Amino acid sequence: MSDDSSNLYVYGITEQTAIEMAVDGVYGASTLQTVDYKSLSALTCPIDTTEPERTDEAVAAHDDVLRTVIERDDVQTVVPMGFGMAFKNARTLKGVMRGARRAFRKAFNDVEGCVELGLKVVDPADGSADPGALRATLDAELDPLSVGQTDDDLFSDRLVANRSYLVEQADRDAFDDAVETVEATHEAMLVNYTGPWAPYNFVDIRVGAEASS
Amino acid sequence: MILVDDLLIKPFVSLLDVLHAMVLEELHDVDAIRDEIKENQLLYELGERPQAEYERRKTELETNLQVAEQVREKLIDGNIEVQ
């Protein structure tokens with residue numbers, strides 16, 4: 001358990017699990033510990049502020065810690081928190097967990113046993129791709145293997161698809177195979193397949209108002 | 001006389017201020033620069049952009065982003081005016 005008097009940075013929430021592990025955390029934190037409230041455990045590291053600055057390095061550390069936890073055999077589901085959730089101490093954090101317990105429970109039900117996988121498909125430099133055919137292949141091959149999908153921001157003119165998929169842990173191998181099929185079918189296109197991620201695009205929990213109280 | 005000058009000239013100065021602000025926003029579009037940073041990262045990860053070019057572009061875009069964010073803050077504060 002965590003020292004009750006120090007500031008705590010929270011990465012996400014899991015079903016109650018006792019975890020203490022070495023990590024490369026936000027602001028150089030090196031030990032991840034859980035703080036329990038009833039059936040929930042918050043994934044926390046000590047931090048010296050309740051208002052961490054959002055930098056590329058800090059956001060990457062936040063994501064990396066969650067990815068490490070997702071890969072543990074004793075963790076089935078992680079409900080991620082957005083970057084920047086820091087609390088004065090464990091008591092304050094438990095108060096927030098008590099207040100948001102219903103929202104967490106609903107989020108667990110929505111993403112139970114699932115991870116998020118990301119797929120970006122880029123047009124070749126000569127612009128020879130057929131976006132319609134690609135999207136049809138994605139719909140046919142990947143949608144049936146996923147619990148949910150989101151169409152994300154097409155931040156580049158060359159991006160033909162930018163999708164996030166919510167996939168059950170048990171279906172990950174089949175999903176990997178289906179992505180290979182997509183690549184083989186559209187071999188001129190460039191495919192960026194990432195994950196597993198915590199399911200950021202499929203849960204939306206904000207506790208900002210109470211975060212530093 | 002001063003009153004007449006104000007009435008005749010002020011609307012044009014205000015219009016110039018607005019146009020100037022629009023041009024600055026267009027030149028320093030924070031969202032567009034952030035998109036370019038993401039595109040640069042993606043093309044590098046896909047192996048299409050060599051590391052040297054990726055790093056040069058990254059540095060250039062991060063500098064542009066800093067400038068654009070400063071310009072946006074000043075526009076919000078109303079600190080940029082046509083002289």
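The figures that follow rest on heavy atoms only: side chains count, while hydrogens, waters and symmetry mates do not. From a predicted model like this one, the values you see are computed outputs, not experimental measurements.
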Sidechain-backbone polar pair: Arg67(A) side chain, Pro196(A) backbone, donor-acceptor under 3.5 Å:
yes
The test is side chain to side chain donor-acceptor pair (under 3.5 Å); show your working for Glu62(B) and Thr59(B) and say whether it passes.
CA-CA 5 Å; Glu62(B) 284 173 350; Thr59(B) 304; 5.5 Å; no
With a strict 4.5 Å heavy-atom criterion, list every residue of residues 30-41 of chain B that contacts chain A, or say none.
Asp35(B), Lys38(B), Glu39(B)
If one checks every heavy atom of Asp157(A) against chain B at 4.5 Å, the contacting part turns out to be backbone
Applying side chain to side chain donor-acceptor pair (under 3.5 Å), run through Gln70(B) and Gln66(B) and close with a yes or a no.
CA-CA 6 Å; Gln70(B) 284 168 5; Gln66(B) 275 186 345; 5.6 Å; no
Establish, from distance only, whether the side-chain atoms of Ser164(A) and Asp152(A) form a donor-acceptor pair under 3.5 Å.
yes
Distance-only side-chain donor-acceptor flag, Glu60(B) / Thr63(B), under 3.5 Å:
no
Side-chain heavy-atom pair Leu93(A), Thr44(A) within 4.5 angstrom cut-off
yes
